[in-house]
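A quick note: this is a predicted structure, and the numbers were derived from the prediction, not measured.
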Amino acid sequence: MKGAMLRSIQATLRRSASALSSSSHPLRRGFSSESAPDRKVAVLGAAGGIGQPLALLMKLNPLVSKLALYDIAGTPGVAADVSHINTRSEVAGYMGEEQLGHALEGSDVVIIPAGVPRKPGMTRDDLFNINASIVKSLCTAIAKYCPNALVNMISNPVNSTVPIAAEVFKKAGTYDEKKLFGVTTLDVVRAKTFYAGKANVPVTGVDVPVVGGHAGITILPLFSQATPKANNLSDEDIKALTKRTQDGGTEVVEAKAGKGSATLSMAYAGAIFADACLKGLNGVPDVVECSFVQSSITELPFFASKVRLGKNGVEEVLGLGPLSDYEKQGLESLKPELKASIEKGIKFANQS
C-alpha cells in the first residue's frame, strides 16, 4: 500500500515539474532560457514568509540568470537550499547591512517583501513605523547601488511604502517614475479566482482589472470589465465578490488563526509581476499588468491601474475604461483613504 502511494506521489511531482517547465505556464512564457539576456534579480527579505517561496519561484524562472537573496538573518540557508535546484540562475545569499550593497549591485529588478507581519497587540501605526523604516533604509541603498533597477514593492502598507520609496529616490536624485511599482497583483489573482468560482468559468482564461490601492476599500476590482463576461451574476453577487477581494488578506489571517498572513499566494503574485517586468525589459510586446504607480489618471499622485511594461519599466499607464455605477461609487469612496495613506508615506519619508 505504501509503495503504491509513494509511486503516486512521485508521478504527481513529475507532472508538476513538467507543468512548471512548459511554455504555457505563466512564469515560463516569453523567452526560452537559451535566448534570454542575462538578468539579475534581488529579493530583499528573502528569509521571510513571503521571501522564501518567492525565492523558490524566481529560481524557477528561466529569465533570471543571477538571483541575489538578502535578509538580516537566515539567508545563507535559504540560498544554499534554493541553489541546489537545477535551473539556469546562479544563487547567492547575503546577510546583514554590510552585505546589502553586494546583493544590489547590477540588479535589473529588485523585489522587496521585507518587513514584519502584524502581530497580536500591534497597532497599525506600530506596523507602519517598523515597515516604513525598513523600506526607507532599503531604498536608500537601492539609490546608491542599483539606481536604474525596476523596484517591485511588496512591503505593506503598499499605499504608503511606494510614496516613501519615491521620496527617498527623489532626495538621492535617482527617482524615475517608470521604475517604481507597488505590487498589487495579489488583488488581481484573488479577483480572478473568486470571479471564476462564482461565474463557473475556467479560471485560466479569466481576466479582471483591479484598480485603486492595495488595502481594504482602496482595492476596486472592475468586474464589469471581467472576461469572459458572465451574465449570471447579480448586483449582489458583484458586491459580495468585491468585498471578498478587498478582505482577502483578512480571510487568510483568520484561517491561519493569527499565526500568519498571506505568504504563499503573495509570493506567487510577486513572481508573476516580476516575470512581467523581466519580459518588458527583454522587449516582449504588450505586457500588461495592474500596478500601483505614479499616475495622472485620477487627481491622486499614485494609483493602481493597468500598466504596459517595456524596456524602461512603465511604457504607458492605461486609463480606467468604462465603469459601472457601482464601480464609480467605489472609486469616489476609496479616494479619501488612499489620499491619506499616500500623504502619510510622504510625510514619513520627509521627517528626517
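- A single hydrophobic cluster is seen to contain both Leu323 and Leu300, as judged by linkage of ILVMFWY side chains at heavy-atom distances under 4.5 Å, directly or through other members.
- At least one side-chain heavy atom of Ile342 sits under 4.5 Å from a side-chain heavy atom of Pro301.
- Between the side chains of Thr250 and Asp247, no donor-acceptor pair of N or O atoms lies under 3.5 Å.
- Lys144 places no side-chain N or O within donor-acceptor distance of the main-chain N or O of Cys139, the cut-off being under 3.5 Å.
- Ion pairing of Arg308 with Asp286 is present here, as a side-chain N (NZ or NE/NH1/NH2) and a carboxylate O approach within less than 4.0 Å.
- What you find for Glu315 and Lys311 is that their closest heavy atoms are OE2-N, 4.0 Å.
- Taking every heavy atom of both residues into account, Leu186 and Ala269 meet most closely at N-CB, 3.4 Å.
- Atom CG of Asn152 and atom CG of Leu54 lie 9.5 Å apart (nearest 0.5 Å).
- Note on Leu127: it clusters hydrophobically with Leu138, by side-chain heavy-atom contacts below 4.5 Å among ILVMFWY residues.
- Rounded to the nearest 0.5 angstrom, Cys290 SG and Asp207 CG are separated by 7.5 Å.
- Side-chain atoms of Lys279 and Leu309, non-hydrogen and from C-beta on, never get closer than 4.5 Å to each other.
- Side chain of Asn159 to main chain of His214: a donor-acceptor pair is present (N/O by atom type, distance under 3.5 Å, no hydrogens or angles).
- Here the CG atom belonging to Asp237 is positioned 12.5 Å from the CZ atom belonging to Arg244, to the nearest 0.5 angstrom.
- Within 6.0 Å of the NZ atom in Lys256, the count of heavy atoms belonging to other residues, nucleotides or ligands exceeds 12.
- Here the options are Val287, Asp108, Leu63, the test is side-chain contact (heavy atoms from CB on, under 4.5 Å), and the partner is Asn282; only Leu63 passes.
- Between the side chains of Thr245 and Asp187, no donor N or O sits under 3.5 Å from an acceptor N or O.
- When all heavy atoms of Gly106 and Lys40 are compared, the closest pair comes out as O-CB, 3.6 Å.
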Under the criterion side-chain contact (heavy atoms from CB on, under 4.5 Å), I'd like the reasoning laid out for Ile111 against Val151: C-alpha separation, chi angles, the key distance, then a yes or no.
CA-CA 6 Å; Ile111 314 171; Val151 177; over 6 Å; no
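- The shortest non-hydrogen separation linking Gly182 to Val162 is CA-CG2, 3.5 Å.
- Cluster annotation: Tyr326 is not connected to Val210 through the hydrophobic network of ILVMFWY side chains, with a link wherever side-chain heavy atoms come within less than 4.5 Å.
- Below 30°, between 30° and 60°, or above 60°: for Phe348 and Phe128 the angle between ring planes is above 60°, a perpendicular geometry.
- Between Val188 and Ile272 the shortest side-chain heavy-atom distance does not fall below 4.5 Å.
- Note that OG1 of Thr227 is 8.5 Å distant from NZ of Lys192, once rounded to the nearest 0.5 Å.
- Within 6.0 Å of NZ in Lys344 there are more than 12 heavy atoms belonging to other residues, nucleotides or ligands.
- The closest side-chain donor-acceptor pair between Thr87 and Lys59 falls under 3.5 angstrom.
- Ring to ring, Phe273 and Phe181 are close: their centroids are under 6.0 angstrom apart.
- Val158 and Ile130 fall within the same hydrophobic cluster, where Ile, Leu, Val, Met, Phe, Trp and Tyr residues are linked whenever their side-chain heavy atoms come under 4.5 Å apart, directly or through other members.
- The environment of NZ in Lys170 is crowded: more than 12 heavy-atom neighbours from other residues, nucleotides or ligands sit within 6.0 Å.
- Taking 4.5 Å as the limit, some side-chain heavy atom of Leu104 sits within range of a side-chain heavy atom of Leu44.
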Determine whether Thr161 and Phe292 satisfy the following criterion, side-chain contact (heavy atoms from CB on, under 4.5 Å), listing intermediate values before the conclusion.
CA-CA 11 Å; Thr161 54; Phe292 185 66; over 6 Å; no
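- The two atoms that bring Ile297 and Ser305 nearest to each other are CD1-OG, 3.4 Å, heavy atoms only.
- In this structure, Ser291 contributes its side chain and Val293 its backbone to no donor-acceptor pair below 3.5 Å.
- Two residues are said to be in side-chain contact when any heavy atoms from C-beta on lie closer than 4.5 Å; Val208 and Phe194 fail this criterion.
- Between Pro228 and Gly205 the shortest heavy-atom distance is CD-O, 3.8 Å.
- Counting heavy atoms from C-beta on, the side chains of Met266 and Asn156 never come closer than 4.5 Å.
- Ser89 has its side chain out of reach of Ser65: every pair of non-hydrogen atoms, C-beta onward, lies at least 4.5 Å apart.
- Using a 4.5 Å heavy-atom cutoff, the side chains of Val109 and Arg39 are not in contact.
- Ser224 and Glu327 share a donor-acceptor pair across their side chains, judged by distance under 3.5 Å alone.
- Note that the CG atom of Leu60 and the CG atom of Asn86 stand 9.5 Å from one another [nearest 0.5 Å].
- A single hydrophobic cluster is not seen to contain both Tyr268 and Tyr195; linkage of ILVMFWY side chains at heavy-atom distances under 4.5 Å, directly or through other members, places them apart.
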Please step through side-chain contact (heavy atoms from CB on, under 4.5 Å) for the pair Ile217 and Glu337, ending with a clear verdict.
CA-CA 8 Å; Ile217 68 158; Glu337 185 168 320; 3.6 Å; yes
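- One distance of note links CG of Leu67 with CD of Glu90; it measures 10.5 Å at 0.5 Å rounding.
- Looking at Glu167 and Lys171, no side-chain N of the basic residue comes within less than 4.0 Å of a carboxylate O on the acidic one, giving no salt bridge.
- No donor-acceptor pair closer than 3.5 Å links the side chain of Lys335 to the backbone N or O of Gly212.
- Looking at Gln351, its side chain never comes within 3.5 Å of a backbone N or O of Ile346 through a donor-acceptor pair.
- Formation of a donor-acceptor pair under 3.5 Å by the Lys306 side chain with backbone atoms of Leu318 is not found in this model.
- Between the side chain of Asn312 and the backbone N or O of Lys178, no donor-acceptor pair lies under 3.5 Å.
- Side-chain contact annotation: Tyr70 with Glu97, donor-acceptor N/O pair under 3.5 Å absent.
- Defined by atom type and a distance below 3.5 Å, a donor-acceptor pair is missing between the side-chain atoms of Arg88 and Asn61.
- In Tyr145, the OH atom is not crowded: 12 or fewer heavy atoms of neighbouring residues, nucleotides or ligands sit closer than 6.0 Å.
- Put simply, the side chain of Gln52 never gets that close to the backbone of Ala46: no donor and acceptor are under 3.5 Å apart.
- Within 6.0 Å of atom CG in Asn232, more than 12 heavy atoms from other residues, nucleotides or ligands are found, so the atom counts as buried in its surroundings.
- Of the possible donor and acceptor atoms, none in the side chain of Glu177 sits under 3.5 Å from a partner among the backbone N and O of Gln294.
- When atom types are taken as modelled, the side chain of Thr75 and the backbone of Gly93 share no donor-acceptor pair closer than 3.5 angstrom.
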